[in-house]
Amino acid sequence: MESYRSHYSKDVTEKDYGKLITISGWVEDIRNIGSIAFIIIRDKKGTLQITALKKKNLELFEKLVSISRESVIAVKGLCKANEKVRNGYEVLPEEVEILSVAETPLPLGVVDKVESELETRLDNRFIDLRKQRNQAIFKIRNVVVAAVHEFLRAQNFIEVHTPNIIASSSEGGTDVFRIKYFEKEAFLAQSPQLYKQMLMATGLDRVYEIAWYFRAEEHNTRRHLNESTAVDLEMAFINDEEDIMKILEDLVYNMWKKASECKDELDVLGVNVVLPKLPFKRNTYDDVIKKLNNKGSEIAWGDDLGTEDEKLLGEIMKDEGHEFYFITKYPLDAKPFYTMPEGDKYSRGFDLECKGVELASGSQRIHDVELLKERLKTCDLNPKDFESYLKGFRYGMPPHGGFGFGIERFLMELLDIKNIRECILFPRDRTRLTP
RNA sequence: GCCCUGGUAGUGUAGCGGCCUAUCAUCCUAGCCUGUCGAGCUAGGGACUCGGAUUCAAAUUCCGGCCGGGGCGCCA
């Protein structure tokens, strides 16, 4: 066969009827009726039907019906209109090449009538990802990430790449993965936080990164990963955190909008994406606490919102007509050391929430090195460990701020997916290191 | 880190001291069938997580290991 593919399944049009075409893909199903057999081939764009007749070519017929499911084959044949077939056409084979034989039985069915557990699916992720539903998730993921690049570049942000192997933990507090770096000890980056801030001292002004977060926390929940991705952004010469929130809400709106245009994929997932209203509602932390207390929560001022409180707030906001909303002016103690204080008790830190789940958090940052050192000490961190970071603040650092925005969490909310592991190709959780 | 829950053919399940030679579906193998598209029909195949303990008798009870799932904390 000189070429394995002249058309994808869905690219065949009426113009091709009556012509020889070549298609290739995975054997999804074989229905052998006796003297006639239907072989369903799946490719990137969908499926099509090969119709083989025993009396026409016995050898070819036998070859086709004896192939194991999920083997990869290429078929050259006559494309013929047929209203009885779903695509409106079928392919009458003239030449068949088996490119790869799949072993039997499959560890996981692609179109079987029984569901598999997530563990089985992840152990055989390459097969699991052949399912239409899972392909839809990652096609939409691609679209929303493309929307990030498109939107932020239009806003004069440039994409950067900062180190994942770092010398000290980014923010203290949460657990980091320790690794050996020749004769030294190093860590996997918990986030690009310190580096994107240092870039604010360069004059690049507006940067973003599709970043990997590595976190060694031993949680086992359906919304945590030990390796996840995020849109991490930092911008200089801001007046306050409102400048950042404006970018964030426009970004989210654009991602949501692009996703809503993926009609085929959303159909497969059975999801209806409704565009949010701009601007997103701003609630101060103080207001949030009052609202929660009114609804019976016993949360006290200064506490960070627990899962129950977040859910309750999601319900309250829904009643007020908001799916997306900010919580602003957090207590200083609830935010990391680099967060800009506002007075003694408050900070210029905010969270973006969607239906009771935290999607992003950000803030205006401290750009005064002395204040930064003070805050490090208050947070029980040693300024000496942050020397190379602090140096970036001594020779001209403009006011700045930014946010981190989890991509998998976003997809969970967008597509109503219950387990975050479904939103990343090869998840890393408390116990999973392969595949 | 704390707490709760599971582990039965390739996949997903039923059974929860003797009726188990372990249910059903899917799957796999062979056969029949010229319009299937959740094809149908016939026949066959395949499993109790591991190690101890209790008992006349353990898939079933107890203890421990291994491997999962989930909740909280923390976070994205």
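In what follows, every chain begins at residue 1, and chains take the letters A, B, ... in the order their sequences are listed. These numbers were taken from a predicted model, which means no experiment stands behind them.
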**Prompt:** Is any side-chain N or O of Ser68(A) closer than 4.0 Å to OP1 or OP2 of C28(B)?
**Reply:** no
**Prompt:** For Arg215(A) and C74(B), what is the distance between atoms CZ and P respectively, to the nearest whole Å?
**Reply:** 14 Å
**Message:** Would you say NZ of Lys335(A) has more than 12 non-hydrogen atoms from neighbouring residues, nucleotides or ligands within 6.0 angstrom?
**Reply:** yes
**Request:** Using a heavy-atom cut-off of under 4.0 Å over every strand shown, decide if Glu117(A) touches base, sugar-phosphate, or nothing.
**Result:** sugar-phosphate
**Asked** For the rings on Tyr330(A) and Phe350(A), is their centre-to-centre separation under 6.0 Å?
**Response** no
**Message:** Using a heavy-atom cut-off of 4.0 Å across all strands, would you classify Glu115(A) as base, sugar-phosphate, or nothing?
**Reply:** sugar-phosphate
**Item:** Side-chain N,O (Arg222(A)) to OP1/OP2 (G71(B)) below 4.0 Å
**Value:** yes
**Request:** With P as the reference atom in both, quote the distance from U61(B) to U5(B) in angstrom, rounded to an integer.
**Result:** 14 Å
**Fill in**
Picking from U36(B), C75(B), U11(B), the nucleotide nearest the side-chain atoms of His224(A) would be C75(B)
**Request:** Using the P atom as the reference point in each nucleotide, state the distance between G46(B) and G73(B) in Å, no decimals.
**Result:** 50 Å
**Prompt:** OP1, OP2 of G70(B) versus side-chain N and O of Arg421(A): anything below 4.0 Å?
**Reply:** yes
**Complete:** Taking every heavy atom of Gly302(A) against every heavy atom of Tyr285(A), the minimum-distance pair comes out as N-OH, 2.9 Å
**Request:** Calculate the interatomic distance between Ile41(A) atom CD1 and C37(B) atom P; express it in whole Å.
**Result:** 18 Å
**Separation of atom CZ in Arg223(A) from atom C1' in G73(B), rounded to whole Å** = 10 Å
